[in-house]
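See below for the structure under consideration.
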There are 2 protein chains.
Amino acid sequence: MAVRSDQGKPEPLTKLDFEALARFRFGIRRYLRFSEETVRGHGVTPQHYQLLLALKGFPGREWATVSELAELLQLRHHSVVELVNRAQTQDLVERAAHPTDARSVRVLLTPEGERVLGRLSALHRDELRRMGDGFAALLAPDGTA
Amino acid sequence: MAVRSDQGKPEPLTKLDFEALARFRFGIRRYLRFSEETVRGHGVTPQHYQLLLALKGFPGREWATVSELAELLQLRHHSVVELVNRAQTQDLVERAAHPTDARSVRVLLTPEGERVLGRLSALHRDELRRMGDGFAALLAPDGTA
DNA sequence: GTCAATGTATCGCGTTACGATACAAATGCC
DNA sequence: GGCATTTGTATCGTAACGCGATACATTGAC
């Protein structure tokens, strides 16, 4: 992979390194593209799907606070607020009082959100299995996998 | 993973399935977030970096046509046109005549684009090695990896 | 030479994430 | 218990970006 160890000043990348990075990026873009077209075909935006998935996929519970979602979705707090607003008008999620902290808000799925997420997640699971090994190969940045 | 085989009508996903999908998505978001902050810190947008990388990472050559880029970046043709326009004003890429097809355009890196890409790609390579196994584990959708 | 197919470019638009800002509740300190 | 600091959520204006619709040039088939 043309790397020494883990120093700050790296030696130049080889053509193969660039190709591997590009392949990896392409794999991600392709998956996200599949996801986008799939979810839009079901009437929701990619952001909505990610929101629903983050809620249902939260370890141990089925809801999350705005701050937690900001971390999971890697967005700013107020971007999540807006996203939740939008999803709420679509009847995909709802807000509820936090049991112990009156500042926080519990964001949780509506039955409709649950239904949509179920359908979409199944399609994503299938696609991931389809990509499966191909995706894993992308992770070998020296192109030898 | 709670799957039968590969039929169209899937059985419902388990909590673990949802968690795995959410983890996978989180991993992607995290990587893209790292990428965005890194490249912006060097004065380019994420789209610019992806464009440069697609050019330099093209197997066998160091340039690509607009159509090829549209496929690699998973964008519409005209979105790529606009992206190339923007990158061109930043002196990151340039257009050149296609040798055999007068309709096509060769998009290639400028020396400046080459420099920027080299620096940024090294950082991405390092980050990927850092995430390395963690990312691979995300790919096991049943959470057992 | 005509015509469909291909490749690139332009324009206007809607969405979305952001920074700046504001407000409410909780926490720590004395 | 009062008060400052921190934490959590929300609002507003803005800029970037990808897209659909559209236009134009070149190629290739016949």
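From a predicted model like this one, the values you see are computed outputs, not experimental measurements. Because only heavy atoms are used, hydrogens play no part in the values below, and waters and symmetry mates are left out as well, while side chains stay in. Naming convention: chains lettered A, B, ... in sequence-line order (proteins, then strands); numbering from 1 in each chain.
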Does [X] make a side-chain N or O approach to OP1 or OP2 of [N] shorter than 4.0 Å?
X        : N      : answer
A/Gln47  : C/dT15 : no
A/Arg86  : C/dT16 : yes
A/Ser104 : D/dT9  : yes

Please state how far atom [atom1] in [X] lies from atom [atom2] in [N], giving the value in whole angstrom units.
X        : N      : atom1 : atom2 : value
A/Arg106 : D/dG8  : CZ    : P     : 17 Å
B/Asp101 : C/dT6  : CG    : C1'   : 8 Å
B/His77  : D/dT22 : NE2   : P     : 18 Å
B/Arg103 : D/dA23 : CZ    : C1'   : 16 Å
B/Asn85  : C/dC11 : CG    : C1'   : 13 Å
A/Arg76  : D/dT11 : CZ    : C1'   : 18 Å
B/Glu71  : D/dG18 : CD    : C1'   : 17 Å
A/Glu36  : C/dT16 : CD    : C1'   : 12 Å

Is the shortest heavy-atom distance from the side chain of A/Glu19 to the side chain of B/Lys56 under 4.5 Å?
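Side chain of A/Glu19 against side chain of B/Lys56, heavy atoms only: no contact under 4.5 Å found.
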
What's [X] touching, base or sugar-phosphate or nothing? Going by heavy atoms closer than 4.0 Å.
X       : result
B/Arg29 : nothing
B/Ser79 : base
B/Arg40 : nothing

Test salt bridge (Lys or Arg N to Asp or Glu O under 4.0 Å) on A/Arg130 and A/Glu127; report intermediate values, then the result.
CA-CA 5 Å; A/Arg130 212 170 296 130; A/Glu127 173 70 6; 2.5 Å; yes

Taking the cut-offs as 6.0 angstrom to the six-membered ring centre and 45 degrees off its axis, would you call B/Arg61 and B/Phe58 a cation-pi pair?
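Here B/Arg61 passes the 6.0 Å and 45° test against B/Phe58.
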
Polar pair under 3.5 Å, donor/acceptor by atom type, side chain B/His78, base D/dG18
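Not at all, since no donor on one side and acceptor on the other fall under 3.5 Å apart.
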
Could you please spell out the steps behind the salt bridge (Lys or Arg N to Asp or Glu O under 4.0 Å) verdict for A/Glu112 and A/Arg115?
CA-CA 5 Å; A/Glu112 170 66 8; A/Arg115 267 192 299 274; 2.9 Å; yes

Counting side-chain heavy atoms from CB outward, which of D/dT26, D/dT11, C/dG7 is closest to B/Ser67?
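Comparing D/dT26, D/dT11, C/dG7 against the side chain of B/Ser67, the answer is C/dG7.
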
In terms of the nearest nucleotide of DNA chain C, which residue is placed more toward the 5' end: A/Ala102 or A/Gln74?
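Whichever sits nearer the 5' end wins; that is A/Gln74.
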
With nearest nucleotides of DNA chain D determined for A/Val81 and B/His48 from heavy-atom distances, which residue corresponds to the more 5′ nucleotide?
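With A/Val81 and B/His48 compared, the 5'-side residue is A/Val81.
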
Looking at the rings of A/His124 and A/Phe34, which for Trp means the six-membered one, are their centres under 6.0 Å apart?
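A/His124 vs A/Phe34: aromatic centres under 6.0 Å.
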
